[in-house]
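The sequence lines fix the lettering, A, B, ..., with proteins before strands; numbering per chain opens at 1. Basis for what follows: all heavy atoms, side chains included, without hydrogens, waters or symmetry-related copies.
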Amino acid sequence: MNLSSLSFIIPSALSLQPSAYFFKTMSAAPVANSEIARLFNEAAILLELSNENVFRVRAYQKAAMIIESLTVNAAELDSEKLTDIPGIGKGVAAHIGEITKNGTFRDLEVLRSKFPPGLMEILKVQGIGAKRARHLYEELGVDSLDKLKALALKGKIRALEGFGAKVEENILAGVQSLKAASPARMLYWPARRLALSLLERLRALGAEKAAYAGSLRRGRETVGDLDLLCAGRPDGTLTAGFSKLPEAAKILSVGPTKAAIILASGIQCDLRVVPPEVYGAALNYFTGSKEHNIVLRELALKKGLTLNEYGLFRLEDKERKRPVAARTEEEIYSALGLEYIAPELREGRGEVELALTGRLPKLVELKDIKGDAHTHTDISDGKDSMSGMLEAARSLGYEWVFLGDHSKSLGVVHGINFKEYLSSRADLLEAAKNFPGLKAGRSIEMEIDKTGRLEFSDGEIKEVDLVVASVHSSMRLGEEEMTARVLSAMANPYMDALAHPSGRQLNKREPYKLNYAAVFKAARHCGTALEINGQPERQDLTDVTARMAKEAGLKLLLSSDAHSAAQLSYMEQAVIVARRAGLTKDDVLNCLSFEDFCRWIRERRARAFKKF
DNA sequence: GCCGTTTTCGGCCCGACTGTTTTCAGTCG
Ligand SMILES: Nc1nc2c(ncn2[C@H]2C[C@H](O)[C@@H](COP(=O)(O)OP(=O)(O)OP(=O)(O)O)O2)c(=O)[nH]1
Ligand SMILES: [Mg+2]
Ligand SMILES: [Mg+2]
Ligand SMILES: [Zn+2]
């Protein structure tokens, strides 16, 4: 749609039928970046099966990664803009052009015709890569998991060259656990709990130091496995002890420096053991990402150095005996001429380039957070009383907290009306007297109804200390309608923030269809903040969409959306998302003092009111 | 397939574990 017409659309949306207008002006949604990325990943797999050049395969994988985390729609960029992106050249740009038109590209279709779709499943089996999958298909006609299993049971696989009895056995076990395990990635929050308990186990086994690494340390929203690092003698005792833990349902491999197991829950856990004097180098390697590691290693080579998990070495030091840096991550980055790069930014998306010239953002930290603005009490669907919530907020060291509840509406069971709002606010102010030093406000999580109206009338809503609005009903609207609905809501000058804008619940519910560019543009116009909701299955906005919001000039409101006192700690989850989005203190409203935050609310309402 | 200003050709990160096989390919991190 034409974004420049927005300031014109929103006021009209207040009084008129916004959706009718949008149907006329908005064009069909472009192919999503995630879809383009999926196609390139598929092409990479098929190229690998075709025994293509590994670097060509990597180029496709890299392109997929890049497009996935783009803050603009790749489908809306022309070929020149696309090739400006490092890692995307003429070939990939042309494919994107085709995808935009046809939903696929010719080269991919040719590749697809060469292999049965069932081979994709085979490749997920632990220990089967492209080479073995291809042999199994060409020599035994394996094109499904069931066929693979049947042949393994009959002992047909061991007969193939390069395969043997042991490989056959492993394949059989791999098929079993693939069928048993749930395919979903684990959420960050429970994954961290699990990792911390395993780290305790490793310390008990004699590890001098132990930390989680991998995607968990980078704070990705979900993790594919747990990657644990230990400092200790790599003599095999730690890895052996690890493989014999009661948590280990299956052992994948055990050597002196690394081991891999499958936990009872089906999730894999990798352990790496290195001597304490190279702990930093190993932590750097094991934290990744793979793409970040490659960029660092390429940079090292340009400087006549080489980097691995044992340290940074001069190329002349053939024995790799005397590292230039190895003890700490800080020393590694410094020796490469880089600012220290926070794990959350290590995705190989230009962070090294920024670090070279000292342009990394100074990321917001949990200790910068002065308060929480989206919570629930037992008055609506929360578990704890106002006093309980205040107590927890105080123990977190907050300067302020807004205790909220849902507005009464169809989708919400125990929502409150305006009268109840007023009386409960009086109760809150009374309760807050027992918590000197903690400032409290009463907020409402206001339902945005199907037509984009907020639940409270204009006369009522202006009395509410803080209005955080969101969608909990009619979630399956089309993109145009949903976008129009949210824009209409934002045209209400008392809507201070849009909560969990996508409505997604990881592994449960897909995000609403929403035109983010339009929503962010309108939010900028209305001075509406966007929430980063810290509920572990929401994380909404996400790292990518929160980055888009910042680029659109918006302020972000972090929240725990706590439904109990203990859940106030989900603020930390929101901070991690914010850090991955590259947000600084200045981007985050929670870093304001109570006084400044209240002024922000007053002033944004006054400005918005003048516009309409 | 992408990239580069010493290169438009010839590189492209680097290492551990397993199994099958007499020297290493395949898979994975
Ligand atoms: N240098 C290098 N490091 C790698 C490579 N593959 C993995 N690593 C490092 C960086 C990764 O973050 C780390 C852990 O590997 P994982 O496969 O578990 O990936 P990661 O944890 O990043 O993502 P995940 O959520 O597990 O899918 O090992 C590689 O090919 N080269
Ligand atoms: Mg991992
Ligand atoms: Mg791993
Ligand atoms: Zn909600």
Side-chain angles (χ1 to χ4, degrees), chain A residues 40 43-44 47-48 51-66 82-96 105 107-108 122-136 157-171 173-174 213-215 223-229 234 236 239 243 251-261 268-274 278 281-302 305-313 315 320 336 348 352:
Chain A
F40 284 137
L47 284 168
E48 222 182 341
N51 225 345
E52 256 290 348
N53 181 315
V54 291
F55 300 105
R56 206 167 152 229
V57 172
R58 191 200 287 170
Y60 277 93
Q61 287 167 339
K62 191 173 169 188
M65 289 283 301
I66 290 166
L82 282 169
T83 49
D84 279 350
I85 302 169
I88 295 186
K90 283 216 169 80
V92 168
H95 293 330
I96 293 175
F105 57 101
D107 290 0
L108 175 61
I122 309 281
L123 280 165
K124 290 185 190 143
V125 177
Q126 186 77 234
I128 298 187
K131 296 267 157 46
R132 284 176 178 162
R134 189 183 163 138
H135 279 115
L136 288 166
I157 287 174
R158 69 182 69 188
L160 290 182
E161 197 183 317
F163 292 69
K166 202 72 206 219
V167 169
E168 187 177 80
E169 202 178 297
N170 289 340
I171 286 177
S215 51
V223 302
D225 67 354
L226 303 179
D227 300 295
L228 308 180
L229 176 67
T239 48
S243 71
I251 301 171
L252 293 176
S253 67
V254 191
T257 78
K258 80 188 234 187
I261 61 174
Q268 182 171 332
C269 184
D270 295 332
L271 173 68
R272 202 63 212 262
V273 181
V274 294
V278 306
L283 186 60
N284 178 244
Y285 148 71
F286 213 23
T287 298
S289 63
K290 175 183 168 184
E291 290 71 23
H292 178 81
N293 287 353
I294 291 175
V295 176
L296 285 188
R297 288 168 185 212
E298 283 169 349
L299 178 65
L301 287 173
K302 281 193 206 127
L305 303 166
T306 176
L307 178 63
N308 60 30
E309 60 264 51
Y310 301 109
L312 183 65
F313 302 87
L315 282 171
R320 308 286 187 255
L336 285 169
V352 172

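For the pair A:Thr257 and B:dG15, the criterion of a side-chain N or O lying under 4.0 Å from OP1 or OP2 is not met. Under 4.0 angstrom from either OP1 or OP2 of B:dG1 there lies no side-chain N or O belonging to A:Gln61. Dashed line: the shortest gap from a side-chain N or O of A:Thr306 to OP1 or OP2 of B:dC14 is under 4.0 Å. Taking only side-chain nitrogens and oxygens, A:Asn293 never comes nearer than 4.0 Å to OP1 or OP2 of B:dC14. Between A:Arg158 and B:dT20 there is no side-chain N or O to OP1 or OP2 distance below 4.0 Å. Contact annotation: A:Tyr285 side-chain N/O to B:dA16 OP1/OP2 distance is not under 4.0 Å. Listed pair A:Arg297 / B:dC13 fails the phosphate criterion, with no side-chain N or O lying under 4.0 Å from OP1 or OP2.
A 4.5 Å side-chain heavy-atom check between A:Leu315 and A:Leu301 finds at least one atom pair inside the cut-off. Between A:Phe286 and A:Asp270 there is a side-chain heavy-atom pair separated by less than 4.5 Å. You'll find the side chain of A:Lys62 stays beyond 4.5 Å of the side chain of A:Ile88, heavy atoms only.
For the pair A:Ile171 CD1 and B:dT18 P, the computed distance is 17 Å after rounding to whole Å. Atom P of nucleotide B:dT21 and atom CD of A:Glu161 are separated by 8 Å, given to the nearest angstrom. Protein atom CG of A:Leu305 is 14 Å distant from nucleotide atom C1' of B:dC13, rounded to whole Å. When rounded to the nearest whole Å, the span between CD of A:Glu48 and C1' of B:dG26 equals 11 Å.
Toward the 5' end of DNA chain B, the nearer of the two residues A:Leu301 and A:Leu123, judged by each one's closest nucleotide, is A:Leu301. Both A:Thr83 and A:Gly255 lie near DNA chain B, and the one whose nearest nucleotide falls closer to the 5' end is A:Thr83.
Side chain of A:Ser253, nearest nucleotide from B:dC13, B:dG1, B:dC17: B:dC17. When distances are taken from the side chain of A:Phe286 to each of B:dC12, B:dG15, B:dG29, the shortest belongs to B:dG29. Distances from the side chain of A:Lys166 to the nucleotides B:dG1, B:dG19, B:dC17 place B:dG19 closest. When each of B:dC3, B:dG1, B:dC13 is scored by its nearest atom to the side-chain atoms of A:Pro86, the top-ranked nucleotide is B:dC3. Looking at the side chain of A:Val167, the nearest of the listed nucleotides B:dT18, B:dG19, B:dG15 is B:dG19. Candidate nucleotides B:dT27, B:dG1, B:dC13 were compared by shortest atom distance to the side chain of A:Lys131, and B:dT27 ranks first. Across B:dG26, B:dC14, B:dG29, the shortest atom-to-atom separation from the side chain of A:Asp270 is found for B:dG29.
Contacts of A:Gln268 with the nucleic acid, taken as non-hydrogen atoms under 4.0 Å apart, involve only primed sugar atoms and P, OP1 or OP2. Within 4.0 Å (heavy atoms only), A:Val254 reaches sugar-phosphate atoms of the nucleic acid but no base atom. Residue-level contact check: A:Leu296 touches neither bases nor backbone, having no heavy atom under 4.0 Å from any strand.
In this entry B:dT27 has B:dA16 as its Watson-Crick or G-U wobble partner, both defining distances falling under 3.5 Å.
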